[in-house]
Each structure stands twice: as C-alpha cells, then as structure tokens.
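Let me begin by presenting the structure, written as structure tokens, before commenting on it.
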Amino acid sequence: MTTPVVAVRGASVTFGAVRALSGVDLEISAGEAVGLVGHNGAGKSTIVNVINGGLTPHEGSVSYGGMASGMTGVSAARAGGVRCVFQELSLCSNLSIVENARLMHAGLTGFGWRKRALALIETKLSEVFPGNRVDCSATVGTLSIAERQMVEIALNFLDVSGPPKLVILDEPTSSLDSALAEQMLAHVRKFVSGGGSVLLISHILGEILSTSTRIVVMKDGGVVAARPVSEFTGKSLVEAMGSVVREKTRTGVRTVLDTSPTVIDIPATPRTGLGLKARKGEVIGLAGLGGHGQTAMLLALFRERSSNWLPHRPDEIAFVAGDRALNGTFPLWSILRNLSVGNLGALSKRFSVHAANEDAVGAEWKQKTAIRTPDMHLPILSLSGGNQQKVLFARALSTPARIVLMDDPMRGVDIGTKQDVYSIIRAEAEAGRTFIWYSTEMDEICLCDRVYVFRDGAIVAELSGDEVSEHNVLAASFSGEAA
Amino acid sequence: MTIFNTALSKPWIWSWLAALATFVLTVLFTGGASTFSLGQATLTFAAFSVIVGLGQMLVITLGPGNVDLSVPATITLSGTLALKFMNTDASLILPGLLVAIGIGLGVGIANYGLIKLLRIPPIIATLSMSFLVQSLAIWSNRGLRIKPPDELSAFTTGMTLGIPNIAVVGLTLSVAIWWLLDRSIYGRWISAIGQSPFAARMAGIPVDGTRFLTYVICAVLAALCGYLLACFSGGAALNMGAEYLLMSIAVVVIGGSAVAGGNSNVPGIWGASLFMFLVVSMLNTYGFGAGIRLMLTGLIIIAVIIAASRRVSAR
Amino acid sequence: MKIKISADHIRLLIPLVSLAVLLVAVFWLQPRAMSYLGLNLLFNLAVPIALATIAQMLVIAVNDLDLSIGTFVSFAACVTAVYMPSTPLLGIFILAVAIAAYAFMGMIIHLRDLPSIVVTLGMSFVWGGLAVLILPSPGGQAPVWLRSMMTAQTPIIPFAIVASLVIGIVAHLIVMKSTLGVAIRGVGGNARSVSRAGWSVLRIKVAAYALSGFFSVLAGMALVGLTTSADANIALRYTLLSIAGVILGGGEFVGGRVSPIGAVVGALTLTLAGSFLSFLRISPDWQIGAQGAVLIVVLGLRLIFSRREA
Amino acid sequence: PHAANADTSGKKIALSNNYAGNSWRQAMLTSWDKVTKPAVAAKKVAAADAFTTAENQATEQAAQIQNMILQGYDAIVLNAASPTALNGAVKAACDAGIIVVSFDGIVNEPCAWRIAVNFKEMGRSQVEYLSKRLPQGGNLLEIRGLAGVFVDDEISAGIHEGVKQFPQFKIVGSVHGDWAQDVAQRAVAGVLPSLPDVAAVVTQGGDGYGAAQAFEAAKRKTPIIVMGNREDELQWWKKQKDANAYETMSVSIAPGVSTLAFWVAQQILDGKQVKKDLTVPFLRIDQANLEDNLKSTQKGGVANVEYSQADAEKVIADAK
Ligand SMILES: Nc1ncnc2c1ncn2[C@@H]1O[C@H](COP(=O)(O)OP(=O)(O)OP(=O)(O)O)[C@@H](O)[C@H]1O
Ligand SMILES: Nc1ncnc2c1ncn2[C@@H]1O[C@H](COP(=O)(O)OP(=O)(O)OP(=O)(O)O)[C@@H](O)[C@H]1O
Ligand SMILES: [Mg+2]
Ligand SMILES: [Mg+2]
C-alpha cells in the first residue's frame, strides 16, 4: 500500500463563531483526481488552505507523503510537492510571468534563470492550453483575467526541480470559457494518468463527473460523502450536496415583449451591422468566448448611464460585478454595508443613513439570497467566495433599477443558490426589469430571452427565442472570421 | 451592531490616553497648580490642529496617495487676504470670513482640477498648488502684518464659560464632520472610494463628485483655520501655515484613522491634537534641549501607534 | 504588425521626454550650460537627490511611504561631517547602526502591521533630534577622499552624469534584475501570494528597508562631499523631492510598480527644473509659484501618453 | 582716491536669497529693489537681479549659486541658509572669478566677503539691558529660533554669556519659536502654566508679540519682553507705554543690510581693497526713540535702514 501524498486527519477550523471545518478526514493518493463539491461556505477553500499549509488546523493534523511531521506550514507543503491554484487570482500583476515563476519556484536560481523559466513556461502553457496566444514575456497586469488564470494554472504544473505531486485547483474554470476549461480538464486527466494527483473544486458538476476518479462532498464543514465517481450521477451528486434538482424553467418565447418600450438601444457598428437593443422586462444574454468585449460593453453601458459627478439615480441602472476583488466588494466593510451601498438614498432621510431601514433591508436580502452568515454586521471577508458574490447580487437587486447589468455574476455560486437567483431574475423580469447578462456558462445563456454573441469586441450574431441554443451560440462564436 | 461599532471606535482611545498621560505629567511638574491654565492653552491650540486635521482626514480617507499638501499655503493666503480685506474694520468681519471661505473654495477647486484634468497624483498636485498659493500670498501683501478688527481678535482669544471660543468653534466643526462621516451618505461614499475607487464607481457612487467635494472641504477648513489663526495671533505672517503641514497629517494618523484610506474617525483627531500640543509643552516644561525634545516626540508617537496597533489588528 | 510598447517602456519614456525637453529649454536659455563645466554645475547636486530617490523607491516598492528620508539623510550627513574625517571607524559604526535601525523599523512596521507613514513620521523626529544632538550648529567637514571623489574630473563626461548613470544601473540591477528585487516588487504587488509561495514577507521587507537606509546613507555622504559640511536641516526637503522623483520617474504609490532608472531621471528632472527657473529670471514674488508651475507642466506631460494607460 | 577704478557699469550683480517667508525677508527684498533699481538706471551696474529659492534649504541655494555661475554674474550677494553648507558652491563661484559677498546669514568659505552682525553681542546686550532695569535680577524665559541654525545658536550663546556675566538672572524656561509669532505664541502658552514668575523674556526677533499675547491669554503679569523691531511689536509696546509706562527695548538686524552688501560688492568690483570681514551694528530701538522709529516703519513691516554708496564707502574705510 502506497502512502498517501497528503493525509488530513480530524481537522477542525473555526473562525470566531463560524465552524468552517469540523473533524474532516481526507487522504489523497498518487494517481487520484479527487473532486470536491459542496455549497458555498461548505469549507472547501478552508480545507485547501489547511492542505497547503497556509492555515494550521485548530485540531487534527496534516502530513505529506509520509514525511516526518517536523516541518509545518507552507514550506512543509511545498516540500511535500503540493501546489495550489487559489480561488482568487494570486499572481503579482506588476511582475512579469517569468518573475512570478521565480517567486513560485525556489528552484529557479542561478545564472540565466529568466531564460530557463521562459522556456519552461512556454512549453507548459502550450501543453496545457494548446494554441493559446499568451505572450510569456509579458507583465501579468497586461493579461486578461482568463489569460491570468491560464498562466497561474500552467505555473503550478511547472516541473522545475521535480514534478508536483499534488496540484490543488480551487474553482480554476470560473474565469475560463468552456473551450479553455475543457483543455485544462484534459490536461488534468493526463497528469493524473501519469501518476500525479489533483484536488479539483468546482461548482460545475459536469467537470467534476468527467474528470475525477473519486468525489468528496462537503456540507457545513464536514464530509458527507466520499465515493468513487462511478457511484454518482449528476442527480445523486446534487442530492448529496443537499439541493433539489429542479426542472429547467425555460418558459418559451414571451411574445408580449415585442411591444414593450425599448430601454437600451446601441446603434449597429459598421463592421458587423449589428447593434444591441433591450426592451423593458427582457433578459438579454451576452455570449461568446471570454474576453471578447462583453465586460467592456457592460462597463461602458454603466458609465454612460450613471454620472461620475452627481449622485446616481438608483432607479436607472445597477451593476453586478463578476470580479469581486477588483470591482465588487469593499473589504473594510461589514456585509450589511456592502449590500446597502447600492441604494443608500432610499434608506436615508436628509442625506443621513437610517440604521433601522438598513438593518431591515439587510435581513430581507439575507433571507432571499440565503447568505450564510450568523450576523450581517460581520466583515464581508468572513464570507466564502460564493457568498460574497450573493451579497453583490443582493446589492443590485435591492435597488429599484430598471436595468441590471450582470458581468458573469454566478462565478463560484453553488447550484442551489443559482437556481434561487434564476427564479428571482425571472420574477423581476416579469415585473418589468431589464437584465443584461454576460455569462460564461451555457446553461445561463439558454435562460435568456435574447442573446447577442460577441467576437473581437463586436456583436456578431443575435439569437432570439428558440434560436437560443448551445449549438447556435458556439457556431456564432467561431464563425466570425468567415463572415 | 455593537461588536462592529465598538471595534471601530477603538483606535482613537490611544491618542486620548497618550494626551491624558502627558497632561498629568506636565501638571505634576508644578504640583497641580497649572491644571486649569494649561487645559485652556491646550484646548485653544489643539483646536487649530483639529480644524485643519478634519479636512486632511477626509482627504486621507479617500485612499492611498490622497493627501493635501497645500494646507499651509492655504492657511497663509486666507489669513493674509482676509485681514488685508477687513483692514481692521469691524463691519467687514463677515465679508472677510466669506473672502477666506472663497479662497478655500478656489484652492480646493484648483487642486482637484490638477488631479483630475492633468491626472497628477494628489501629493504632487497639491504640493505644486501650494507653491502657487504661497506666491500669491507673497505677491498680495509682501508679508506685511495687518491687525485684525478688535472685536474679532477679542472673540478669537476670548472664552465662553471658561472654554476658549476657538475650541468651541473646533468642536462645532468636529460635530458637523462627524455627522458627515458617520451618518451621512457622503461618509459612506468617501469610505467606499478609499477602499476601491473602481468598485465604488460600479456601485453607482459619483466618485469624481465626492472626491472633488472632499478636496474642497479640506481647503475650506484650512482657509477657515487661517482666518481664525491670523486673528488669534494678531496678524497674518507668511510662514504661519508651515507648522500645519506635518501637524495635519500627524493628527490624522495618530488619531487612528487608517492611512490606507476607507476608515477614519473624528474623536481621534482631538486626542491626537491635544497630545501633539501637550507633548511639546511637557518636554519644554521639563527643560529638555531641542535634540532630546525632538527625539522623545518621535519615540512617543511611535509608542502610541504601536500601543494602538494591537487593537486595530484584533478587529 | 503590432508595435509592442509595454507599460514599462511608457513608464520610462515619459520622464525621459520631460528631461530632454527641459534640457533643450535650459540650453536655449543659457548656452553656457552646454559644456563639461556647465553640465556638472547643473547636475552635481542631483546626485544625492538621486540616491535619496532610490531609497524612497525601495520603500514605495513594498507599498509603504517613507516620510523620514529628509531627516535621515541630514542625520547621515551630520555623522559623516562630524566623525568621518577624524574617527572614520566610529562614523562607519554609527552609520551601520542607523541602517540596522532602518531595517528594524521595517520589521516593526510589518510585524505590527503599522502604517509606515506614521512610523516614519515619528522616526523623522528621532533622526532630526539626533542630528541636532550631534551637530547643534552647522559645521563639520567633509573627509578629503569624499570631497575629492565628489569633485572628480572624469574624462569627457562630467562626473555628475557618470555618477547618475552608475546609480541608475546599480539600482536597476538590484531592483529589476536580482531575485531580491523580484521579491521586493512581488511584495508590493501581492504580498499574500508571495507568502503563499513560501517566502518570508518579513525578511523581504526588512531587506527593502535596509537597502533603503543604505542608499540614504550614501545620499548623506554624497551631499557632504558636495557641500563640504553639514547641518541638521540640510536635507529636509529630500522627503518631498524623493517622492516627487519616484512619481515623476513613472513609479506608483501602490502595487510595486517602480522604475529605478526612471527615478534617477526624475531626480535629474527636478533639479533641472529649478535651474530652468533661475535662467528665466522671474520676479521674486513669483519665483516660488513658478516652481509649482514647472512641476505641473512636467507632470502634465504624462497626459499626452495617458490615453494608453486609461 | 584709490588707483584702480574699474568701470562697473557693465557688471552684473545677483542676490541669492534662501527664504522669503517672513516680513524681515520681504523687507530685505523690498530694500534691495528700492536701492538697486535706481543704481541700475544710473548705469552704476548693469543688472541687480534677486533670486529666491522655494524652500529654505541649503541644497537648493547651492544649486542656485551654481546657476548664477553659469549665468555669468560678476558678483553674488548672498544671504546664506547655512554658514558652511554652501561652501562648495561658493568656492566654485570664487574659482570662476566671481565676487561673493555674504551678509546676515554669512558663509565661512575664506574666499567670500562677510558683512556680519555680532549676533552674540546682540544676545548678551539684552541681558545687560535687563541688568540695568532689574538690578536685583529675576527669572528669564528664553525664546529661541529654529533649532540647528547658526544664528539661533549664536544669539542663544550670547544670552547665556550674559547670564553668566549677570548671575542674578536665571533662565527658567527655553522654547523654540522658529522666529514666527504664532509658533512662539504656541510654545510659550504651552510652558507658561508650569513656569514660576517670569521677570523678563529674552528673544531673537519676530517673536516678542507672540510672547506678549501668550502672557495676556494666561492672565499673567506682562514681563519685560525684549522686542525684535517688527512694527506690530513696536505698536504693542507703544500702546503699553502710553497706558502704563511700560518700558523695554528692541533689537534686530536691519533688513536693509542687503543694500550695504550690494554696494560693497559694487566697490569690490570697482577695484577697491576691502577687508574680508566687515561688521555692521544691529539696529536698536529704545524707549526714547520708539516713536521716531515707529513713524518711519512701514505698517506691518520691520524697522529698517537702507544704505547708500557713501555709507558703504564709509564702512569699508572704517574697517581698515
Ligand atoms: N477569514 C475568515 N474569517 C471568518 N470566517 C471565515 C473566514 N474564511 C472562511 N470563513 C468561513 O468559513 C466557512 C467556509 O468557507 P470556505 O471559504 O471554505 O467555503 P467554500 O466551500 O470554499 O465556499 P465557496 O464555494 O463559496 O468558495 C464560511 O462560512 C466562511 O464564512
Ligand atoms: N472587471 C473589470 N474591472 C475593470 N476593468 C475591466 C474589467 N474587466 C475588463 N476590464 C477592462 O475592460 C476592457 C475590456 O476588457 P475585455 O475585452 O477583456 O472584456 P471581457 O470580454 O468582458 O473580458 P473578461 O471575460 O476577461 O471579463 C479592458 O480594458 C479591461 O482592462
Ligand atoms: Mg471557496
Ligand atoms: Mg468578464
């Protein structure tokens, strides 16, 4: 019997009142791809931090490859061959890719390390993501979010002084489009069949089912199921997580929309002859491969309709960020303040914020979007990634905005909450709100009334009603050059 | 509610404790005889630091790199021009005040103009502006000291119920700024901008409008301080603001406001202002030479900030 | 097809263009400056400023700000002028202790998670006090070797230019090329991921502060070499000058984005701006204001390039 | 009278000034303007330009002097930020054949001329005056200038010398007022509560009015405050004198000494042999000539005297 690459025994972690982990056992052996799933705040990122040494469990132990347990912390984990792609992007954006590699791999020393590193990265990057167009000598700050994620993944698979034994991937595909995600998963399968091991966290169950050899399900800080992949189906997995699968709620074409007033009308660009039009009560999807101008359009739309100088009219437009750290959360603030900031005017009398009103709104949305926290006055950073995203959602939906812009807002949101949010969106749209929704997930695109497909910064196709399908979207995404 | 609020209100405690300790040490030197008069002197002079410190605090709350270095020059210019305008005529006291406020408005607008239109980092923009403003002060009056109207001079040096009038003014302004910061929407806005301007913009906050207003408020408070200080000390001098460059920044940071922006408090400004005056008085009282005095001042500041830091990180 | 101009190049281009424009203006106003002697006189006082700017840049690279550089350079100058000529060993010892104090300051700032602005503000009083204690009234003397080094007659290219080049290149090697430099900038960019990669952020910060202290000491010594003596207030203005120099040189306050060559160029530009004004002969009332105007114009130049940054 | 009378009508003189931020310096610049403009118009010299640095810093002034070398001035009249820190630049100017005349803030580089005020004596004479007023002695409060600056050290040394000479006096408190009314006021107000009875305040100029204000605010008996020739100080003194026969004296260096330096530089350019060290008396105002001086002092300014070419010739001759 081989010793496991890493063994976590009886690990418990608490953050103040929150018990993030309670007595978790987890062993990962060589040649294994462990899929880790669970609702937002189940404790997935916490166990990742325990394994990579960033967090010492308050009870229990971690050991690496049967090594003597003298060493602890990050250096022990790294010596044990553990590498980790974190949920939030964690490269230094002011450094070049090569310099980031130097920081990540202590083995890259000596004369000419830059050259060696560059060669290693270029090879690895095209191995994981064949056909990518990332400039490996660039500064990370100049890369798009997807490219950064690609680089970070490649850097962790890098073989500098010995190949990695365990690579942890915490929601690695959340900023990758489906094509890139598939390339990455293929590489994971190859890596595992070559004897490496992987811990993969994702809310997209298809990825877990197609890639893992074993699935561990977590709920409220504990492991509730751990079985080989063959014993799970999509449905049973969701049930194991504690959510109920609902039928797809596509209601068909809503013809009433054709007569309702237009709220957004972007004229056609001469290049493709297509513009964007949104009517009252419509849910508009923005599709296409990641990084082709969808975010830019949403940012421009918001800037256009809100003043940088005068107080904003919250009944006009609201924005849900996809990149929390960059343009979403206010890290010094409580959850409540993060939620209420979008609509302070309504909570105030004579420019003075009314605490009771604020608490009421907080309580209402905590319940509506199931934000997992004992107290809305706790700091926002005490929430798990997915729960932070829910707060951003609630911030926008709690305003009376006629138009809601959503920049891939479901990144890292668990399946149960997603379905709740979908039905909220539906209901709000029926009540007359317009949603412009950029998503990297095809399921979400298929929920929209009308879809615009982007390519190279412009709209290349408009699909409505029954034309909205995975096949048509993909066809439009790749057909741009021919047209 | 309570957990969050008490945690937030802690950073300023330390500047108050430090002020209290220095006060006691100073008073002990004379066996307690000087308690009352020292208290009055402290309140008076601390009030000037408070008035400029409040404005500086709002600016610093806007986030890293935001600081107004034109404060000293604004103090000088408003003192000079207001006194020149009033020319000891008591009937012009109010118009003189308006002149001072107008100067504050002008400098604030110009500061933000440079920051926004030319995209110059605030530190450098306000530094450049301070040179221009200082030149304006030199050119307008060439350093001649004009006396304030007697009534005004009596008011600024006078007392109400044993409390210096200047301290009353400072207190009133503090309450107003505290309301702005803690209760008003504007306070939420500057805090949000201080944490992440981009996120603030996407949350619908008028970032430019708020920042503009903040720089203007800061300059107006500095101008107000210049007006009062010139009247208090019997005339404007070209170097009257120089003291307040480091002072305005020091009282903000010693008072426990986060230098990284987003988080600030008004009581700390008072604690730190009282402390900054008292520490010099204490060291003067004990008769230390300039070298030792400077060194001790520095070490005490660092000690206070280290003591305060334990609280901050526990938050 | 695509001309590749990276953000780093732009960062360096702006200060270089500013410097060139100013230099042309100065030569046009005062053709005499276009000589070996002229260039030396224009730039020799920029050498200590350049060193101080590098020191400030190292601190800015780890997302901190040093408000004590001016008084620290004054202190170093006082030590140099008082002890170096007669008891060089004692002088070197004091300066070494001062550098250690700088490193210690970095350690405290990191361990206690203190705002660097406050700690360095406090330290600026401490250094100022020590300088007054060492040298209560102006005086002291530059050691002979230092004086002759700073007034050296280098062949063809004036010493001031040679020194600036050397400073720029050495700083570039340390900050941009060495592993320590990568780590320092990494801490500025994302300290969390640096520590997740197994580095001790504490050690990196201490090293950055120690290096900063070292460059400040060099600045103080260079200053004494030029002025021949010291006083406790001699370099107070270096605090603001060094910050302005870093920014002018394309650095940013947060995010570990700095450029050593840019910083040296920034320091030269600031010095040259002062001379440019002298040569313009403005009315004394407006001479101070004109300094502000020049700063505004030089930084306003960045606007021309800013469309790319936006 | 002397052999070598070069023509100075083609010569250019520059004033290098390090600070313009107080009324004394402003008066100095005004005097310079007032005297040199006619001199230039009368073709006595070709130019007399004034330069001021933005900050009171020796390093900036050194750069300024180096620029003046490049600009081709024949003489530099210098009020220095530091007696020693400019020596490098001054030496470079001398090497380039430029005449350097320093005044008020003098430099100790041997190649330069110095028009000095005996600051030590200025401090000592204050105590001497007090010993006549208060034969039985008493407590003194000393207000100093800016720490680490030469003038501050000199005057203070003079005061301490005076106290040694008249041991009936005791300095019970010493604060730095940075030569600014409001700083002095602030510092005095801070120590005053803990001081015993103060009989007199010895000062360095520019801080007497602030001290008076602080005493008044603390409701303490006004001691004898030595004044520093500022108009507001004299004005206050006059008011006290009229009200309750208050008596004191006032002493400072006259800002117009810049014009003396100008003429001395002109004389040197003219080929005169001039001793390297010249002294000018400080300007003292007493109870008797208070009104006269007040009349001749600009409102809000500083008591002043300006010098003519003839005055300069006399000073030079006297020094022989
Ligand atoms: N630094 C912290 N302080 C306080 N609470 C924390 C902290 N980090 C995590 N928690 C809490 O621990 C629990 C587990 O969080 P964790 O980040 O592990 O969830 P997760 O399973 O990764 O969720 P997600 O899918 O949303 O990323 C959550 O309830 C979270 O609020
Ligand atoms: N979250 C964001 N916050 C701020 N700026 C952004 C953000 N996302 C993109 N940008 C900026 O908007 C511009 C357009 O970006 P891009 O074309 O990559 O948009 P996108 O297709 O939505 O990308 P992605 O899929 O990575 O979000 C770029 O200048 C980019 O820097
Ligand atoms: Mg997570
Ligand atoms: Mg996007």
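Naming convention: chains lettered A, B, ... in sequence-line order (proteins, then strands); numbering from 1 in each chain.
- Contact record, D:D182 with B:M240: OD2-O, 3.1 Å, taken as the closest heavy-atom pair.
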Report all side-chain donor-acceptor pairs from residues 41-56 of chain B shorter than 3.5 Å, counting only partners two or more places apart or in another chain.
residue	atom	partner	partner atom	Å
B:T42	OG1	B:L38	O	2.6
B:T44	OG1	B:Q40	O	2.8
B:Q56	OE1	B:D68	N	2.9
B:Q56	NE2	B:D68	O	3.0
B:Q56	NE2	B:S248	OG	3.0

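- Within a 6.0 Å sphere centred on CG of D:N244, heavy atoms belonging to other residues, nucleotides or ligands number more than 12.
- Distance check: B:I146 CD1 to D:D232 CG gives 11.5 Å after rounding to the nearest 0.5 Å.
- Contacts between D:V175 and chain B at a heavy-atom distance below 4.5 Å involve backbone atoms as well as side-chain atoms.
- Note on D:K219, D:R230, D:Q181, D:R144: by heavy-atom pairs under 4.5 Å with chain B, the leading option is D:Q181.
- Counting heavy-atom pairs closer than 4.5 Å to chain B, the top-ranked of the candidates D:R220, D:Q298, D:Q185 is D:Q185.
- Residues meeting the ring pair (Phe, Tyr, Trp, His ring centres under 6.0 Å) test with D:Y246, sequence neighbours left out: D:W236.
- When every heavy atom of B:A290 is checked against every heavy atom of D:H176, the shortest pair comes out as CB-NE2, 3.4 Å.
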Under 3.5 Å donor-acceptor pairs involving side-chain atoms of residues 205-218 of chain D, not counting sequence neighbours:
residue	atom	partner	partner atom	Å
D:D207	OD1	D:G205	N	3.3
D:Q213	NE2	B:F232	O	3.0

Verdict with reasoning, D:Y19 to B:N239, per side chain to side chain contact (heavy atoms under 4.5 Å, CB included): CA-CA 10 Å; D:Y19 186 53; B:N239 52 3; 3.3 Å; yes
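- Other residues, nucleotides and ligands contribute over 12 non-hydrogen atoms within 6.0 Å of the NZ atom of D:K241.
- Using a 4.5 Å cut-off between heavy atoms, B:Y244 contacts chain D through its side chain alone, with no backbone atom that close.
- Contact annotation for B:L229: only side-chain heavy atoms (C-beta onward) come within less than 4.5 Å of a heavy atom of chain D.
- Contacts from residues 193-200 of chain D to chain B, taken as heavy-atom pairs separated by less than 4.5 Å, involve D:P193, D:S194 in sequence order.
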